[in-house]
Undergrad: 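Handing you a structure now.
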Amino acid sequence: MLEGLNMVQLIFYSKELALLHPFGISRWTRTHVKNVFVEWHKDGLVGYGEASPNARYNESHETAISFMGRINQSTLSSISNSEELCSYLSTIDKGEFAAKAALEMAFWDWIGKKNNQALHEYWNAPRTIGPVSSFTIGIDSKEVIDTKLKEAEPYPVLKVKLGTDQDEEIIEFIRERTAKPIWVDANEGWKTADIAKQRIEFLSDKNVQLIEQPMPSSELIAMREVKKMTPIPVIADEGFTGKEPLEELAESYTGINIKLMKMGSMYKSLKTIEHARTLGMEVMIGCMIETALANTAAGVLSMWADYADIDGFLLLKDRPFLGFTFDSQNRVVLNDLPGLGVIPV
Ligand SMILES: [Mg+2]
C-alpha cells in the first residue's frame, strides 16, 4: 500500500485551444491548435506539463498521446533526475520531442513543489526579470496587420513573419505606422542566397534587430555566405532542432532559437545555452502556440537568454493556465511560486 502511494501517476489528455485571430506563417494558417497536457502526480503533489506537437517535425497530438500511453508509470517512480527521465523516454521513441518536453516539464514542476522552491531559485537563475519579449504579427491582409499593430501598441518590439513575395510591401506598410524595432521571421521562406541577401539589404536600414531562419534549414553552406554579409544577426530556428552540432551552426548563424518543443527537455536546453555561450553565439528562447504553462517553462530558460519570444499564450483565446507576467517594458517576469510558477484556472 505504502509503495502505491509513492508511485507516479500520469494523467494526460489533448485539448483544443482557440486562437484569438487566424494565425499565418509562410507554411500555414490556422484558427485552433490541439495541445497535449500531462499531470505528474506523486506524494499528493501535481506537476504540470504541456506539449505543442508540430507537423514540421512529424508530430501531432495523436502521436504525442500515443507516446505517453507507452510509458511505464512504475518505471517513472524510480526516476530521480532529468537525465534518467530523458534517457528512459528516448528508449520509448527517438522522436516525440514535444511529448518529452511536456513530461520533463511536469517532472521539474513537481520537483520544485516537492522542495517548496521556485524552479528558477532551485536552478540558481541569474535574474528573475528576463529579456524583452516580442509581439508576433503573422502573415495577413493589410487590414488585419493594421488591426494587429493597434493591438501591439503596448509592446515595444514587433516580430513580423515574412517569407512571402510581399515582404517589402509588408515592412513598408508597418514602417508607415510605427518605428518600433522589428524582429523578422522568414520561416525558411527565402529559397536562395541571392533572395536572402537582397531581402537583408532591404531590411538593413529598417530598424530590424534580428532575422530568424532566412533560408531553408538544409541551406547551411549558402547561409555561411549570408552570414558574412548581413549586418543583422541571423538566428537558426527550423535549422536548430537540438541535434545539429553547434560548432557547425556557428559558421552559418549568429545565434540559435531554443524551443522546448524541439529540445524535449528544459535541462538539455539549459546545457545547450551554456554550450552556445562558449561559441560566442546569441540565444533566443522561443515557443510554439502554447498556453502560459509551456510559455512559463520557456520563461524560466529566458533568464539565461538574449531574446525571448514567448507570446504564444497571447495568441490564444483559451487560457487554461496562469504563469509568468510581463512588466511595463514587456520583459518576462517570473513569480516565486513553487515549481514552474503556474496555476491551472
Ligand atoms: Mg521562428
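Residue numbers start at 1 and run along the sequence shown. Start at 1 and go down the list; that is how both ligands and their atoms are numbered.
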Undergrad: Checking one residue: W183. Which other hydrophobic residues are in its cluster under the side-chain 4.5 Å linking rule?
TA: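 In the cluster with W183 are V132, V157, L210, I235, M284, Y307.
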Undergrad: To the nearest 0.5 Å, what is the distance between CZ on F173 and CG on L149?
TA: 7.0 Å
Undergrad: For W123 and W108, take the angle between the two ring planes, folded into 0 to 90°, and tell me which bin it lands in: parallel under 30, tilted 30 to 60, perpendicular over 60.
TA: perpendicular
Undergrad: When you compare the side chain of W40 with that of L76, does any pair of heavy atoms fall below 4.5 Å?
TA: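 They are in side-chain contact.
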Undergrad: Over 60° means perpendicular and under 30° means parallel, so classify the ring planes of Y48 and F321, tilted if in between.
TA: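 Because their plane-to-plane angle is over 60°, the rings of F321 and Y48 count as perpendicular.
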Undergrad: Please indicate how many protein N/O/S atoms are found closer than 2.8 Å to the Mg ion (ligand 1), with waters neither displayed nor included.
TA: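 Those protein atoms number 3 in total.
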Undergrad: Is the F67-F12 ring centre distance short of 6.0 angstrom?
TA: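 No, the ring of F67 stays outside the 6.0 Å limit from the ring of F12, centre to centre.
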